[in-house]
Amino acid sequence: MYSFGYPASGRYDGSRLIYCSGRAFDDFLLSQGIGLTCNMTGGSSGGPWLLNFNESTGLGTLNSVNSFKYNFSPNWMFGPYFGTEAKAVYEAAQRGDAT
């Protein structure tokens with residue numbers, strides 16, 4: 001999994017695209033989302049998480065977005081898991097019949 005964002009607090013100033021990569025894991029704490037080891041800070045929210053990311057083409061499958069961190073664990077980023085419901089919404093939008 002690759003996560004991308006423009007963190008703008010702490011050691012970052014929001015001017016550079018930063019990425020984290022590694023194996024995603026289930027959030028076993030408080031949400032039903034997924035986590036990734038990542039030290040990005042505030043400002044990176046909404047950045048994409050791409051599964052099967054290809055560095056040469058820039059393509060991958062959107063699987064989550066940078067969403068939140070727990071104060072006691074600054075090296076983990078969490079986001080919602082985009083499963084079958086998200087896929088169905090995407091496919092409906094592609095067909096033009098999303099309501």
Side-chain angles (χ1 to χ4, degrees):
M1 185 79 71
Y2 282 75
S3 168
F4 297 90
Y6 288 90
S9 64
R11 65 184 183 162
Y12 301 107
D13 66 7
S15 66
R16 291 187 28 228
L17 178 64
I18 303 296
Y19 77 93
C20 298
S21 64
R23 181 176 295 274
F25 56 89
D26 291 337
D27 179 0
F28 54 88
L29 298 169
L30 299 173
S31 80
Q32 294 181 0
I34 55 177
L36 184 67
T37 300
C38 185
N39 64 2
M40 278 193 259
T41 61
S44 60
S45 294
W49 290 26
L50 298 177
L51 183 63
N52 300 318
F53 177 66
N54 182 316
E55 293 181 31
S56 63
T57 64
L59 299 176
T61 301
L62 184 65
N63 197 233
S64 188
V65 293
N66 296 330
S67 185
F68 69 95
K69 290 187 159 203
Y70 295 111
N71 288 336
F72 57 83
S73 185
N75 291 320
W76 287 347
M77 176 80 72
F78 293 89
Y81 171 70
F82 292 166
T84 55
E85 288 107 2
K87 183 179 179 188
V89 169
Y90 172 80
E91 289 172 347
Q94 292 299 306
R95 290 189 307 271
D97 61 283
T99 55

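M1 and L17 fall into different hydrophobic clusters, where Ile, Leu, Val, Met, Phe, Trp and Tyr are joined by side-chain heavy atoms under 4.5 Å apart, directly or via other members. Hydrophobic clustering (side-chain heavy atoms under 4.5 Å, transitive across Ile, Leu, Val, Met, Phe, Trp, Tyr) groups W76 together with F72.
Between the CG atom in N39 and the CE atom in M77 there is a gap of 8.5 Å [rounded to 0.5 Å]. The CG atom of N66 sits 4.5 Å away from atom OG of S44, with the distance rounded to the nearest 0.5 Å. To the nearest 0.5 Å, atoms CG (D26) and OH (Y81) are separated by 9.5 Å. Rounded to the nearest 0.5 Å, atoms CZ (F4) and SG (C20) are 9.5 Å apart.
For the residue pair T61 and N52, no side-chain donor N or O sits within less than 3.5 Å of a side-chain acceptor on the partner.
Environment of OH in Y19: sparse, with no more than 12 heavy atoms of neighbouring residues, nucleotides or ligands closer than 6.0 Å. The number of heavy-atom neighbours closer than 6.0 Å to OH of Y70, taken from other residues, nucleotides and ligands shown, is above 12.
Ring geometry for F53 versus Y2: interplanar angle of 30 to 60°, hence tilted. The aromatic rings of F68 and F78 lie parallel to each other, their planes meeting at an angle below 30°, with 60° marking the opposite boundary.
Taking 4.5 Å as the limit, every side-chain heavy atom of I18 sits out of range of all side-chain heavy atoms of Y6. Looking only at side-chain heavy atoms (C-beta outward), L50 and N63 stay at 4.5 Å or farther from each other.
Between the side chain of S64 and the backbone N or O of P80 there is at least one donor-acceptor pair closer than 3.5 Å. The main-chain N or O of G42 is never found under 3.5 Å from a side-chain atom of K69 such that the two would form a donor-acceptor pair. Without hydrogens or angle criteria, T41 side chain to S9 main chain gives a donor-acceptor distance under 3.5 Å.
Ring centers of F82 and W49: at least 6.0 Å apart, outside the cut-off.
Contact between S21 and L36 at its shortest, heavy atoms only, is C-CD1, 4.3 Å. The shortest non-hydrogen separation linking G33 to S31 is N-OG, 3.0 Å.
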